[in-house]
Structure formats: C-alpha cells, structure tokens
Amino acid sequence: MIQALDYLLHVSNGTWIARPCNTSIPSINQRTPLLPISLTLDLGGQFLWVECYTSYVSSTYRPARCRSAQCSLARATSCVTECNSPPSPGCNNNTCGLLPGNPIGLLATFGDVGSDVVSIQSTNGKNPGPFVSVPQLLFVCGSEFLLGGLANGVKGMAGLGRAQISLPSQFSAAFIVKIENSQFV
C-alpha cells in the first residue's frame, strides 16, 4: 500500500469542509516490464493520466493515432501534428490528445493519448488474489508539472468517473463474459 495525500470532505453546520488526510491506495503496475506506479485517486476523473516525459520506458506503449478507434473511444477531438522532440511516450506526431488535470493543484495541460499494459491485484474482498491485466489500457501522458501538490512519489491520477476510458470502465470491459453463444442446461 502507498500513502497518498487526499482530502476528507464532511459537513459542519451545513458547510462542506475539506481537510487533508492520509489514505492508503493500492498501486497499479504499468508498462513492459511491469513497474509499480503510485497514483492519486480522482473520483470524478475521466481517465488515467501518468507523467510520461521524464522516465517512461516501455516496449508495449503505443500512441493513439488521430481519428483512430482509440481516439474515438476517448472522445479526443484534437491532434498533435508536430512534436519538436524525438518520438517517445507523450511526444508523437499524428496522435490524439486530451486535457489531463490535477484538481488538487488546480493544474491542466494537453497530453497525448496512448495505450500500455496495466495490471492490478484482484481481491475477494478479504484476501489478495491474482494479478489481472489489461494489455492495451488507454491513458493520457501528462507533463511533470501536473504532479504539483500531489504526494511525494505519486506519478499521476487514476480517474474513477463514469467515462468510457476511466479505469473501472476499461477493466470491466476487458473482463466481460460473453454469454450470447452459451447454452444453459
């Protein structure tokens, strides 16, 4: 478990108050080879974003090309047409983009959409289970400055909102059991 800064919201005399508190969050594993990544949870966030510009290395990272099915799923309407650095995660030409944000630091910027393997540990509610993976989970590469105000060691934010590319949506879609061709006795 990783300690991360979060905020506890409660009502006092009819007024919402945000107070800093420490909360434990599980880490995810991302990239090839798998690397543990600590994240801050964003309950309303629409996607996972990870800082890619300083040390993102993976043999399975793939940029989402403009007007691709991945960009459509992400509802990304803008394209990066010119990146002034050598191609790398977060800097690819002809790639769609979104606006990753940090609501704690009140920061936002443009980031490339890409995909990579993500693995998390399952649970039965009481005990840890096996790791489960999504081989091409969509996420956004964010700039290092987006980490401002987040806990030390945190490398991005996990969006848990109701969007097609939020972490819960992508993991559930990857493990849906298709029963249309099944026969029940």
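From a predicted model like this one, the values you see are computed outputs, not experimental measurements.
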Please report, to 0.1 Å, the donor-acceptor pairs under 3.5 Å made by any side chain of residues 158-170, with sequence neighbours excluded.
| from | atom 1 | to | atom 2 | distance (Å) |
| --- | --- | --- | --- | --- |
| Ser166 | OG | Gly161 | O | 2.9 |
| Ser166 | OG | Ala163 | O | 3.1 |
| Ser166 | OG | Ser169 | N | 3.4 |
| Ser166 | OG | Ser169 | OG | 3.1 |
| Ser169 | OG | Ala163 | O | 2.7 |
| Gln170 | OE1 | Leu138 | N | 2.7 |
| Gln170 | NE2 | Leu138 | O | 2.9 |
| Gln170 | NE2 | Ile165 | O | 2.8 |

Does [Y] offer a backbone N or O that forms a donor-acceptor pair with the side chain of [X] under 3.5 Å?
X      : Y      : value
Tyr53  : Gly90  : yes
Arg67  : Ser72  : no
Ser143 : Leu146 : no
Thr60  : Asp116 : no
Thr32  : Ser58  : no

Using a 4.5 Å cut-off on heavy atoms from C-beta on, say whether the side chain of [Y] contacts that of [X].
X      : Y      : value
Val50  : Gln30  : yes
Val80  : Phe110 : yes
Pro128 : Thr123 : no

Drop me the distance from [X]'s [atom1] to [Y]'s [atom2], to the nearest 0.5 angstrom.
X     : Y      : atom1 : atom2 : result
Asn92 : Asp112 : CG    : CG    : 6.0 Å
Phe47 : Asp42  : CZ    : CG    : 9.0 Å
Glu51 : Leu39  : CD    : CG    : 12.0 Å

Step-by-step disulfide bond (SG atoms under 2.5 Å apart) determination, Cys52 to Cys141: CA-CA 5 Å; Cys52 293; Cys141 283; 2.3 Å; yes
Audit row: Cys96, Cys71, disulfide bond (SG atoms under 2.5 Å apart) steps and yes/no: CA-CA 6 Å; Cys96 62; Cys71 294; 2.0 Å; yes
Check whether Tyr56 forms a cation-pi arrangement with Arg31 (NZ or CZ under 6.0 Å from the six-membered ring centre, at most 45° off the ring normal). yes
For Ile104 and Asn102 the tightest heavy-atom approach is N-OD1, 2.8 Å
Atom of Ala76, atom of Gly97 and distance for their closest heavy-atom approach: CB-O, 3.4 Å
